[in-house]
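Heads up: the structure comes next, in structure tokens.
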Amino acid sequence: MDTRFTRGKSNILERPLTRPKTEVSVSAFALLYSEMVQYCQSRVYSVSELQTRLADMGQSVGASLLDVLVLREKNGKRETKVLNMLLFIKVNVWKSLFGKEADKLDGFPAKVTAHWHKGTTLMIKFNDSVIARDKALDGR
Amino acid sequence: MSGSFYFVMVGHQDNPVFEMEFLPAGKPESKDDHRHLNQFIAHAALDLVDENMWLSNNMYLKTVDKFNEWFVSAFVTAGHILCTALDSSLYGIKNFFNDVYDLYIKFAMNPFYEINAPIRSTAFERKVQFLGKKHLLS
């Protein structure tokens, strides 16, 4: 981030983090969203590549959202167990993104891929090491 | 070197994202030997932080290691960015970590900032320095 033009001051770092309750206009959001999808769509030749690109874009959104949401909703307690993390995504993340909680939480494999099957189902594929670690933690 | 303090944020690939040294007034230049040592100590503590972070729900992991007179304290963010601080006293570290975490979140919400990329912002550095003075060198 280049701060040559701001002489070392940054407003963003001064704003309060909790409960700003800012609103964005629906048309601005819709425009941005449609442009993102069109941008990806015009550069790929297959549906799966489109899905990958959109997922990549979403990944950085999710990464920054994670910190904010954990701070706001859970008061600074991180999730260490897989199931709790999934529940967190189902309840908090979905609520902040789409206004309501996700419908169902099914049991798990690993590696996040988006599947189109009766509405959108996100299958999350975890590495074996994660499952093993989770089992070890449960046993403690 | 008592009274000085070293802080580093480490990303997912053990890459440094941000580092800062606080020296008390009266030591005009930092000794280069000690700078390398600080990085080494913080890096060596990463394994311990990795182990400890699965054991508790908290972000603040207290002291994970000790080296001569330095205490290594650690803090893990929700996105698993590890923050380590080398200090000779533990007073005020928790508040410092919380304030820096606040600052980091605001910085990371920028959609142009890639997670794990090094933080190069004068405003950020200034604020961290201010927080360091406020919590640790008083």
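Residue numbers begin at 1 in each chain, while the letters A, B, ... track the order of the sequences.
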Note to self: Is it the case that over 12 heavy atoms from other parts of the model lie below 6.0 angstrom from the CD atom of A:Gln59?
What the structure shows: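 At most 12 heavy atoms, drawn from other residues, nucleotides or ligands, come within 6.0 Å of this atom.
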
Notebook entry, point to check: Are more than 12 heavy atoms from other residues, nucleotides or ligands located less than 6.0 Å from atom CD of B:Glu114?
Noted result: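 For B:Glu114, atom CD is not crowded (no more than 12 foreign heavy atoms under 6.0 Å).
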
Under a 4.5 Å side-chain heavy-atom rule over Ile, Leu, Val, Met, Phe, Trp and Tyr, are [X] and [Y] clustered together?
X       : Y       : answer
B:Phe75 : B:Val17 : yes
A:Met57 : A:Val68 : no
A:Leu54 : A:Leu65 : no

[atom1]-[atom2] distance between [X] and [Y], expressed to the nearest 0.5 angstrom:
X       : Y        : atom1 : atom2 : result
B:Thr77 : A:Leu71  : OG1   : CG    : 11.0 Å
A:Ser64 : B:Tyr113 : OG    : OH    : 10.5 Å
A:Ser60 : B:Asn116 : OG    : CG    : 12.0 Å

Item checked: Nearest atoms (heavy-atom pairs only) where B:Ile115 meets A:Ala63 ->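 It is CG1-CB, 3.6 Å.
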
Check: Mind checking whether B:Met59 and A:Val70 have side chains closer than 4.5 Å, heavy atoms only?
Finding: yes

Next item on the list: Would you tell me whether B:Tyr104 and A:Asp67 have side-chain atoms, one donor and one acceptor, within less than 3.5 Å of each other?
Entry: no

